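Note that ligands are numbered from 1 as they come in the structure, with each ligand's atoms numbered from 1 the same way. Bear in mind that the values here come from a model prediction, so they are computed numbers and not experimental data.
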Amino acid sequence: MIVALNNKCNLTKEEFIPYQKELIEIKTSAKLIWCPSNIYLGMMNNSNLAIGAQNVNSKNSGAYTGEISAVQLKSLNVKYCIVGHSERREYQHESNEEINNKIKQLLKEDIIPILCVGEQKKDRDNHQEEQIITTEVLEAIKDLSEAEKNKIIIAYEPIWAIGTGLIPTTEEITKTIDVIKNLLPSNKVLYGGSANENNIEELKKVSNIDGYLLGGISLKPEKLKIFLKKLEK
Ligand code: PGA
């Protein structure tokens, strides 16, 4: 099982140091991928966690003020990078084309993209989730070779479930992950959106999940430990 931790735009330096200490002491058989804010990527002094970034420039290094390139991420030992998170699609107006370019930049540097896809509540109410997710996946992997496509991890994150405490039913998640696996049969697919220590027992009933992308609970090591323990049982 893969468990990716998306810290989003959280933790001051004073908070980050004790948080990191707690996180690296966690024992689990799950593969942990830790995605802190970019400013901390050069401060990671461990070990048992793979390091992921939350974003990358869609172009190479150069005159792109405020951006961080895949080459720079690689030089910091970053192995994974989230792309296409719904918060970036919404607030930074990231298009599928830009996401596709980010994935290409990452793959050039052997960094594994964690591609987020997901529908809004209104899309699910209108039974359009399959169509939305299919478009997001296909546009993100445009022009990639089979070998390149196979490297990508997909995170199914219904937008209405992120940070809301709501999760889809196990049937809904199973069906949507199947849609993704029909497009990309060899790829790992994670679930994200209000996954926590209280609903993990329910989420475990979904047999086609390969792991989780955790936001809120990633910032609370005590709860994360309970989540991981229940996941292993
Ligand atoms: P959440 O966030 O776990 O707080 O819902 C998940 C995510 O946005 O990746």
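- Y191 is connected to V206 through a chain of hydrophobic side-chain contacts under 4.5 Å among Ile, Leu, Val, Met, Phe, Trp and Tyr, so both are in one cluster.
- Side chains of K79 and N77: a donor on one and an acceptor on the other come within 3.5 Å.
- In this structure, the side-chain contact (heavy atoms from CB on, under 4.5 Å) partners of E109, at least two apart in sequence or on a different chain, are A70, V71, K74, I111.
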Just list the N/O pairs, ligand 1 to protein, that are under 3.5 Å apart, with the distance for each.
residue, atom, partner, partner atom, Å
ligand 1, 2 (O), K8, NZ, 3.4
ligand 1, 3 (O), G215, N, 2.9
ligand 1, 4 (O), G216, N, 2.8
ligand 1, 5 (O), G163, N, 2.7
ligand 1, 5 (O), S194, N, 2.7
ligand 1, 8 (O), K8, NZ, 2.7
ligand 1, 8 (O), H85, NE2, 2.7
ligand 1, 9 (O), H85, NE2, 3.3
ligand 1, 9 (O), E157, OE1, 3.2
ligand 1, 9 (O), E157, OE2, 2.7

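- Classification of the F16-W34 ring pair by plane angle, with boundaries at 30° and 60°, yields parallel.
- For the residue pair K102 and N55, a side-chain donor N or O sits within less than 3.5 Å of a side-chain acceptor on the partner.
- Under a 4.0 Å N-O distance rule, the pair E87/K8 qualifies as a salt bridge.
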